[in-house]
K.L.:
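Mind looking over this structure? Questions follow.
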Amino acid sequence: MWSLYNMAEKLPPVRVRFAPSPTGRTHLGSGRTALYNYLLARQTGGQFILRIEDTDQKRYVPEAEQELIESLRWLGLQWDEGPDVGGPYGPYRQSERKEIYLEYAKQLIARDKAYYCFCTPERLARLREQQIQNKQPTMYDGLCRRLTPEDALRRIKQGEPYVIRFKTPKEGLITVRDYLRGEITVENRTIDDYILVKSDGWAVYHLAAMVDDQLMRITHVLRSSEWLSTFPLHAHIIRAFGWQEPVFVHLSVFLKPSGKGKMSKRDSAQLLQDGYSIYIKDLEQLGYLPEAVVNWIALMGWSYDDKTEFFTMQDLIEKFSLDHLNPSPAAINFTKFDHFNGLHIRHLSVEDLARRIKPFLVRAGFEVDDQKLLQITPVIQERLVTLDDAVELAGFFFREHLEYEPTLLIGKDMTAAQSLKALQESYQLLSGLDFNDKEHLEAALRSLAEQMGIKAGQLFGILRIAVTGKSVSPPLIESMIILGKEKVMEWLQTAIKRLATLVQANA
RNA sequence: GCCCCCAUCGUCUAGCGGCCCAGGACAUAGCCCUCUCAAGGCUAAAACACGAGUUCGAAUCUCGUUGGGGGCACCA
């Protein structure tokens, strides 16, 4: 792999594409493939193309394309050419290119590189069954390969259904080059006579993608490594046309967190229970930042050096390189995702973060005042892992009443009566203080604790429950200032009543 | 079953023949800071799958074994 090294230090402008099929939801693996393509295009000043591979009408899911576009845009990827933005090499939806593929398939037949096949699905099923029984590889047996062109044409005229198959050489070897793995050589006899055009007249991936990549002047193909096994076939098809092959880069697959296999539907459901999802569209709702998603997936299969891990999209555009791609499969690590999300949340400006938190607060039913939110945001910023944590962490700022277990008002290593006294003394003290001076407020409360012979932590703990309703909260003094004197005094009063009731009941 | 790919701490990874009794990050544990929780700082534990070669020297090159992953459709 020596010779491959340092090759891409400065690449000329590339034309790359992301070519998904709208058959399901857009997940992290697709997101990463799209991202790497995008990065390479931006870095080299080339073009990033979105192409919809919808040649299979049976599996077509109408909502899938919309979700795909929304997911990619949310991540911050823009394409230069695509079904929605047009471009000089369109159309960019394969369902609008049916005739093109047919034309190229016929060209292959004319060159004796493909042939018509009239075998019925039933015969093929029987054949496969037999081969499995005999422990042979399941491949087409080449029956129609031996048909003369005249015979084939006659049968077509008679209205017999047919497919077009690739005439794979049956002897010799083929060597293909994957950018990450180097040369891969396989025996031609292990490559099937794959169907290029189905009986309904639609091309399958193997033909359509190769034709489009050629016609759209694609220079680099970054695709999932599940294509590795049909890669030699693809090279055969390209060479049969006499075209030049683009650079192929097969990206490693994502494994489930355990590292045991790909994500299944069941795994995805379980994941959602834990507040995670492999579907990009879900991540926004779950409180994740697109910046964090991009940073995280970029680093699954690619690395910059032995220490740098924080990357913005701009950083990635500058630093991404094909040479540091890792060919081995990677287990998805959501814990690290949380880490990146926190990192990017802390990296945001207060205004930006406030703007992103707001929808979560509103959805929780709070009436959110922007000025107040701007005050709250800094005290919760470094405590957020996901944006929706704001509801739990800052909810008390927006509530009219606090609900909590009155016994929580009893300070650590203190009696209920002592705690009640602390609350009452605090009320007295605070009622005479100005809530604008943080230092003074804190100093006053600390000296109160000292006078009462308790630790500041004990007093703060009691007050924390009284004014936030929780034992875990943003810093107490700041919280009180944001709440405002009026509300703090009211809630202290409430707390005193609640604790007094408790003390009386125990007496 | 057949074909292909991959193999460094639990996980993501650095490593491109001597810089490595293997570096970083997440997670874990401890300590510091501290009004709680975080954030931050410090420390600890934690890996070259195994076996043969090649070489003065191998995590790095070769072969084999084992393990893992992907594919074997008129899906993409």
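We name chains A, B, ... by the order of the sequence lines, and we start the count at 1 in each one.
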K.L.:
Charged N to carboxylate O under 4.0 angstrom, A:R51 versus A:E53?
P.N.:
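The answer is yes: the pair qualifies as a salt bridge.
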K.L.:
With rounding to whole Å, what would you report as the distance between B:C32 and B:G24 at their C1' atoms?
P.N.:
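My reading of the C1' atoms in B:C32 and B:G24 gives 23 Å.
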K.L.:
Looking across every strand, which nucleic acid part, if any, lies under 4.0 Å from A:K260 by heavy atom: base, sugar-phosphate, or nothing?
P.N.:
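The residue A:K260 makes sugar-phosphate contact but no base contact.
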K.L.:
For B:G64 and B:C21, measure between their P atoms and round to the nearest Å.
P.N.:
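Straight-line distance between the two P atoms is 30 Å.
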K.L.:
Side chain of A:R59, base of B:C75: donor and acceptor closer than 3.5 Å?
P.N.:
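Yes, a donor-acceptor pair under 3.5 Å.
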K.L.:
Is there a side-chain contact between A:K135 and the phosphate of B:C72, meaning an N or O under 4.0 Å from OP1 or OP2?
P.N.:
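So the side-chain polar atoms of A:K135 never come under 4.0 Å of the phosphate oxygens OP1 or OP2 of B:C72.
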K.L.:
Starting at the 5' end of RNA chain B, which residue's closest nucleotide do you reach first, A:P257 or A:Q94?
P.N.:
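Whichever sits nearer the 5' end wins; that is A:P257.
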K.L.:
Give the nucleotide from the list B:A73, B:A76, B:C12 with an atom nearest to the side chain of A:A331.
P.N.:
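Nearest to the side-chain atoms of A:A331, counting from C-beta on, is B:C12.
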K.L.:
Is there a Watson-Crick or G-U wobble partner for B:C35 with both distances under 3.5 Å, and if so, which one is it?
P.N.:
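Pairing partner: none.
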K.L.:
Can you tell me, in whole Å, how much space there is between the P of B:C5 and that of B:U62?
P.N.:
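Straight-line distance between the two P atoms is 13 Å.
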K.L.:
Parallel, tilted or perpendicular: which one describes the rings of A:F311 and A:Y304, with boundaries at 30° and 60°?
P.N.:
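Geometry flag for A:Y304 against A:F311: perpendicular rings.
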K.L.:
In the 5'-to-3' direction, what one-character label does each nucleotide of nucleotides 31-41 of chain B receive under the scheme B = base within less than 4.0 Å of a protein heavy atom, S = sugar-phosphate only, - = no such atom?
P.N.:
----BBBBSS-
K.L.:
Whole angstrom is fine here: how far is it from CG in A:D141 over to C1' in B:C72?
P.N.:
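Distance, rounded to whole Å: 16 Å.
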K.L.:
Measure CG/A:L127 against P/B:C72 and give the value in whole Å, please.
P.N.:
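Going from A:L127 (CG) to B:C72 (P), I get 17 Å.
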K.L.:
Using a 4.0 Å heavy-atom cut-off, does A:G342 contact any base of the nucleic acid, only the sugar-phosphate backbone, or nothing at all?
P.N.:
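Answer is nothing: A:G342 stays at 4.0 Å or more from every strand.
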K.L.:
In whole Å, I'd like the distance from the CG atom of A:D192 to the P atom of B:G71.
P.N.:
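My rounded result for the distance is 17 Å.
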K.L.:
How close or far is atom P of B:U13 from atom CZ of A:F310, stated in whole angstroms?
P.N.:
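Taking atom P of B:U13 as the reference, CZ of A:F310 is at 20 Å.
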K.L.:
Rounding to an integer number of angstrom, what distance separates B:A45 and B:C31 when you compare their C1' atoms?
P.N.:
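B:A45 and B:C31 have their C1' atoms separated by 15 Å.
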K.L.:
So what does A:K307 hit on the nucleic acid, given a heavy-atom distance under 4.0 Å: a base, only sugar-phosphate, or nothing?
P.N.:
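Answer is sugar-phosphate: A:K307 comes under 4.0 Å of backbone atoms only.
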K.L.:
Does a side-chain N or O from A:R128 land closer than 4.0 Å to OP1 or OP2 of B:A73, or not?
P.N.:
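It does, given that an N or O in the side chain of A:R128 lies less than 4.0 Å from OP1 or OP2 of B:A73.
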K.L.:
Taking any heavy-atom pair under 4.0 Å as a contact, classify A:H250: base, sugar-phosphate, or nothing.
P.N.:
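If one applies the 4.0 Å heavy-atom cut-off, A:H250 turns out to touch nothing in the nucleic acid.
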K.L.:
Scan A:D56 against the nucleic acid and name what it touches under 4.0 Å (heavy atoms): base, sugar-phosphate only, or nothing.
P.N.:
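Sugar-phosphate only.
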K.L.:
I'd like to know if A:K256 and A:D267 make a salt bridge, using a cut-off of under 4.0 Å between side-chain N and carboxylate O.
P.N.:
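Answer for the salt bridge query: yes.
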K.L.:
Could you check which nucleotide pairs with B:C56 in any of the strands shown, counting Watson-Crick or G-U wobble with both distances under 3.5 Å?
P.N.:
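B:C56 is paired, partner B:G18.
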K.L.:
Could you tell me how far B:C42 sits from B:A59 if I compare only their P atoms? Round to whole Å.
P.N.:
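Going atom to atom, P in each nucleotide, I get 30 Å.
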K.L.:
Say we look at B:C12 and B:A47: how far apart would their P atoms be, to the nearest angstrom?
P.N.:
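So the two P atoms sit 16 Å from each other.
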K.L.:
Under 4.0 Å: is that the gap between some side-chain N or O of A:H324 and OP1 or OP2 of B:G15?
P.N.:
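Indeed, a polar side-chain atom of A:H324 lies that close.
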K.L.:
Between A:R128 and A:D141, does at least one N-O distance fall below 4.0 Å, as a salt bridge requires?
P.N.:
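No, no charged N to carboxylate O under 4.0 Å.
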K.L.:
Across the strands shown, which category fits A:I184 at heavy-atom distances under 4.0 angstrom: base, sugar-phosphate, nothing?
P.N.:
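Result for A:I184 = sugar-phosphate.
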K.L.:
Does A:R446 come within less than 4.0 Å of A:E439, counting only side-chain N to carboxylate O?
P.N.:
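Looking at A:E439 together with A:R446, the answer is no, because their closest N to O distance does not fall below 4.0 Å.
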K.L.:
Nearest to the side chain of A:N326, which nucleotide is it out of B:G10, B:C4, B:U13?
P.N.:
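That would be B:U13.
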K.L.:
Of the nucleotides B:C26, B:C74, B:C6, which has the atom closest to the A:V163 side chain?
P.N.:
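Looking only at side-chain atoms, A:V163 lies closest to B:C74.
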K.L.:
Tell whether A:S229 reaches the base of B:C4 with its side chain through a donor-acceptor pair below 3.5 angstrom.
P.N.:
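Under the 3.5 Å cut-off, the side chain and the base do not form any donor-acceptor pair.
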K.L.:
Calculate the interatomic distance between A:H234 atom NE2 and B:C4 atom C1'; express it in whole Å.
P.N.:
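To the nearest whole Å, that distance equals 14 Å.
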K.L.:
If you look at every heavy atom in A:L476 and A:R464, which pair is closest and at what distance?
P.N.:
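Taking every non-hydrogen atom into account, CD1-CA, 3.6 Å.
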K.L.:
Could you work out which one of B:G15, B:C74, B:A76 sits closest to the side chain of A:I195?
P.N.:
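Selected nucleotide (nearest to the side chain): B:C74.
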K.L.:
Are the charged groups of A:D193 and A:K170 less than 4.0 angstrom apart, N to O?
P.N.:
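Salt bridge flag = yes for A:K170 with A:D193.
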K.L.:
Going by an N to O cut-off under 4.0 Å, is there a salt bridge joining A:E171 and A:R189?
P.N.:
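No salt bridge links A:E171 with A:R189.
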K.L.:
Looking across every strand, which nucleic acid part, if any, lies under 4.0 Å from A:V197 by heavy atom: base, sugar-phosphate, or nothing?
P.N.:
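If one applies the 4.0 Å heavy-atom cut-off, A:V197 turns out to touch nothing in the nucleic acid.
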K.L.:
For B:C50 and B:A7, measure between their P atoms and round to the nearest Å.
P.N.:
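B:C50 and B:A7 have their P atoms separated by 15 Å.
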K.L.:
Write down the distance between CG (A:D323) and P (B:U13), rounded to a whole number of angstrom.
P.N.:
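About 17 Å, once rounded to whole Å.
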K.L.:
Using Watson-Crick or G-U wobble geometry with both distances below 3.5 Å, tell me the partner of B:A29, or none.
P.N.:
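Its partner is B:U43.
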K.L.:
Just checking A:E53: base, sugar-phosphate only, or nothing, at a heavy-atom cut-off of under 4.0 Å?
P.N.:
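Counting heavy atoms under 4.0 Å across all strands, the contact made by A:E53 is with sugar-phosphate only.
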K.L.:
Could A:R93 and A:E65 be called an ion pair, given the rule that one side-chain N must be under 4.0 Å from one carboxylate O?
P.N.:
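Counted as a salt bridge, because a side-chain N and a carboxylate O are separated by less than 4.0 Å.
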K.L.:
Give a yes/no answer on whether the side chain of A:T55 brings an N or O atom under 4.0 Å of OP1 or OP2 in B:A76.
P.N.:
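It does, given that an N or O in the side chain of A:T55 lies less than 4.0 Å from OP1 or OP2 of B:A76.
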K.L.:
Is any side-chain N or O of A:T138 closer than 4.0 Å to OP1 or OP2 of B:A73?
P.N.:
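So the side chain of A:T138 is within the cut-off, an N or O lying under 4.0 Å from OP1 or OP2 of B:A73.
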K.L.:
Mind calculating the distance between CG (A:N295) and C1' (B:C26) to the nearest angstrom?
P.N.:
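It is 13 Å, rounded to the nearest whole Å.
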K.L.:
Looking for any heavy atom pair under 4.0 Å, which part of the strands does A:S199 touch: base, sugar-phosphate only, or nothing?
P.N.:
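Here A:S199 touches the bases of the nucleic acid.
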K.L.:
Taking the side chain as every heavy atom from C-beta outward, state whether A:S426 and A:L448 have any pair of such atoms under 4.5 Å apart.
P.N.:
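Side chain of A:S426 against side chain of A:L448, heavy atoms only: contact under 4.5 Å found.
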K.L.:
Provide the distance between the two C1' atoms, one in B:G10 and one in B:U54, to the nearest whole Å.
P.N.:
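Per the computed distance, 34 Å lies between those C1' atoms.
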K.L.:
Which class fits the ring pair A:Y194 and A:H206: parallel under 30°, tilted 30 to 60°, perpendicular over 60°?
P.N.:
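Taking A:H206 first and then A:Y194, their aromatic rings stand perpendicular (interplane angle over 60°).
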K.L.:
Which nucleotide, if any, forms a Watson-Crick or G-U wobble pair with B:U66, using both distances under 3.5 Å?
P.N.:
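B:U66 is paired, partner B:A7.
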K.L.:
Students often get this wrong, so: under 4.0 angstrom with heavy atoms, is A:W227 touching a base, only sugar-phosphate, or nothing?
P.N.:
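Touches a base.
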K.L.:
In this structure, how many angstroms lie between the P atom of B:U11 and the CD1 atom of A:I297, rounded?
P.N.:
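The distance from CD1 of A:I297 to P of B:U11 comes to 21 Å, rounded to the nearest Å.
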K.L.:
Picking from B:C75, B:A73, B:C3, which would you name as closest to the side chain of A:K58?
P.N.:
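Closest nucleotide among those given: B:C75.
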